[in-house]
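Throughout, protein chains are lettered first and strands after them, A, B, ... in sequence-line order, and every chain is numbered starting at 1.
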2 protein chains.
Amino acid sequence: MEARIDKIKQQLQSKGYKLTPQREATVRVLLENEEDHLSAEDVFMLVKEKAPEIGLATVYRTLELLSEMHVVEKLNFGDGVSRYDLRGESNKHHHHHLICVQCGSMDEIREDWLLPLEERLEKEYRFTVLDHRLDFQGICHRCRAKEEDNG
Amino acid sequence: MEARIDKIKQQLQSKGYKLTPQREATVRVLLENEEDHLSAEDVFMLVKEKAPEIGLATVYRTLELLSEMHVVEKLNFGDGVSRYDLRGESNKHHHHHLICVQCGSMDEIREDWLLPLEERLEKEYRFTVLDHRLDFQGICHRCRAKEEDNG
DNA sequence: TTAGTTGCAAAGCTTTTGCACCTCG
DNA sequence: CGAGGTGCAAAAGCTTTGCAACTAA
């Protein structure tokens with residue numbers, strides 16, 4: 001935890017930015033909720049517990065900054081709000097999402113299934129892949145089980 | 001063209017909705033710009049040429065309706081606006097996007113590269129895939145060519 | 001000093017909603 | 001009549017921005 005914060009601090013400082021108390025609190029919230037995909041509002045409410053004086057604009061600015069630095073990834077699931085995801089150590093986003101259209105749940109697949117495709121893009125389309133995003137919409141195993149119970 | 005409009009008309013009528021002149025004009029714009037990913041505002045401006053009296057709210061309501069009926073797909077590329085894509089005959093969205101982070105262009109890959117993955121999801125995760133979305137962010141061949149020229 | 005940062009409020013944007021009016025079987 | 005549809009304007013949300021004040025090298 002502390003090591004990861006130090007690293008982010010260094011990344012910021014290398015570009016002339018500071019890890020202010022507000023920013024540190026924001027990063028800690030992201031670290032503590034790494035499994036979730038928090039919206040700016042979510043982050044704001046959680047940060048307020050640590051730093052009650054913080055403003056929503058600061059949270060937005062911090063998330064935007066972290067996003068530019070590729071510390072977090074800005075995600076969009078089409079529900080009208082941006083969500084933010086801490087990037088893994090590899091600095092690449094190697095997971096995919098299973099979004100259930102019935103219950104709205106979202107599961108993750110933490111493997112990266114796209115490496116062969118990225119190689120093909122490089123060769124066939126001369127496209128250099130920096131990142132990707134793969135979401136599946138469908139029916140999750142829990143909802144399928146429910147349907148089987150009822151049917 | 002007329003055949004596809006008739007089909008959409010029937011789909012609407014089967015659910016008790018009407019293909020009003022405004023809706024038809026909207027659908028025609030979508031058909032005429034099938035290659036693009038128009039925003040609601042884009043559609044609005046194009047529809048205004050055919051039906052100047054139309055309101056933006058009607059366009060939004062039409063796109064929402066067509067989206068619910070799976071005639072169009074609502075897309076989100078993270079640029080703050082929803083975009084709308086007419087669905088193909090197969091009623092499945094079998095293409096992927098190459099989004100260039102330098103020039104903002106978006107190319108499409110019209111093949112579906114994910115069928116093996118969808119089979120794996122079905123087996124390993126018991127997840128029924130209804131649709132998917134795959135976007136790659138990176139540098140397109142045009143920008144790469146420019147860089148090579150300059151360097 | 002100087003560049004970066006912050007909280008607040010206001011503004012900006014896209015999208016949705018309320019409502020009176022209209023259409024058509 | 002009654003359900004569906006429309007245009008307009010207002011409202012609703014999320015996000016960004018202007019600004020004066022603050023911080024730390």
Check your understanding: How close or far is atom P of D:dG5 from atom CD of B:E68, stated in whole angstroms?
Key -> 11 Å
Review point. What integer distance in Å separates B:E64:CD from D:dG5:P?
Key: 14 Å
Check your understanding: Does a nitrogen or oxygen in the side chain of B:T58 sit under 4.0 Å from OP1 or OP2 of D:dT6?
Key -> no
Point to revise | Euclidean distance, atom CD of residue A:E53 to atom C1' of D:dT23 [Å, nearest integer] | key: 14 Å
Check your understanding: Taking the side chain of B:T20 as its heavy atoms from C-beta onward, which of C:dT15, D:dT15, D:dT6 lies nearest to it?
Key -> D:dT6
Practice item. Establish, with yes or no, whether the OP1 or OP2 oxygen of C:dT16 is under 4.0 angstrom from a side-chain nitrogen or oxygen of B:Y60. Key: no
Review point. Is B:D135 salt-bridged to B:R133, going by a charged N under 4.0 Å from an acidic O?
Key: yes
Review point. Considering residues, nucleotides and ligands other than A:K9, do more than 12 of their heavy atoms fall under 6.0 Å from its NZ?
Key: no
Practice item. Output yes when at least one side-chain N/O atom of A:S82 is less than 4.0 Å from OP1 or OP2 of D:dT15, else no. Key: yes
Review point. Between A:Q13 (CD) and C:dT5 (C1'), how many Å, whole number?
Key: 14 Å
**Study point:** Proximal nucleotide (of C:dT17, C:dT15, D:dT6) relative to the B:A57 side chain
**Key:** C:dT17
Check your understanding: Nearest-Å distance, OH (A:Y84) to P (D:dC14)?
Key -> 12 Å
**Study point:** A:R120/B:E111 salt bridge by N-O under 4.0 Å criterion
**Key:** yes
Point to revise | Selected nucleotide, minimal atom distance to B:K18 side chain, candidates C:dT15, D:dT15, D:dA3 | key: D:dA3
Review point. Per the atom types in the model, does the base of D:dG4 pair as donor or acceptor with the side chain of B:R61 at under 3.5 Å?
Key: no
Exercise for review: Nearest whole angstrom, please: distance from the P of D:dG13 to the CG of A:L56.
Suggested key: 15 Å
Revision key, fill the gap. Side-chain atoms of A:Y17 come closest, of D:dT16, C:dG7, C:dT5, to C:dT5
**Study point:** Residue of the set A:H141, A:H96, A:H97, A:R142 for which side-chain hydrogen bond (donor to acceptor under 3.5 Å, both in side chains) holds with A:D107
**Key:** A:R142
Review point. Which is true for A:Q22 with a 4.0 Å heavy-atom rule: it touches a base, it touches only sugar-phosphate, or it touches nothing?
Key: sugar-phosphate
Practice item. Taking only the side-chain heavy atoms of B:R23 (C-beta and beyond), determine which of D:dC14, C:dT5, D:dT6 contains the nearest atom. Key: D:dT6
Check your understanding: With a 4.0 Å cut-off, would you call A:D42 and A:R83 a salt bridge?
Key -> yes
Practice item. Return the value, rounded to whole Å, for the distance between atom CG of B:L38 and atom P of C:dT14. Key: 15 Å
Exercise for review: Rounded to the nearest angstrom, tell me the gap between atom CG in A:L19 and atom C1' in C:dG4.
Suggested key: 13 Å
Exercise for review: With the side chain of B:V81 defined as its heavy atoms from C-beta on, choose the nearest nucleotide among C:dT14, C:dT5, C:dG7.
Suggested key: C:dT14
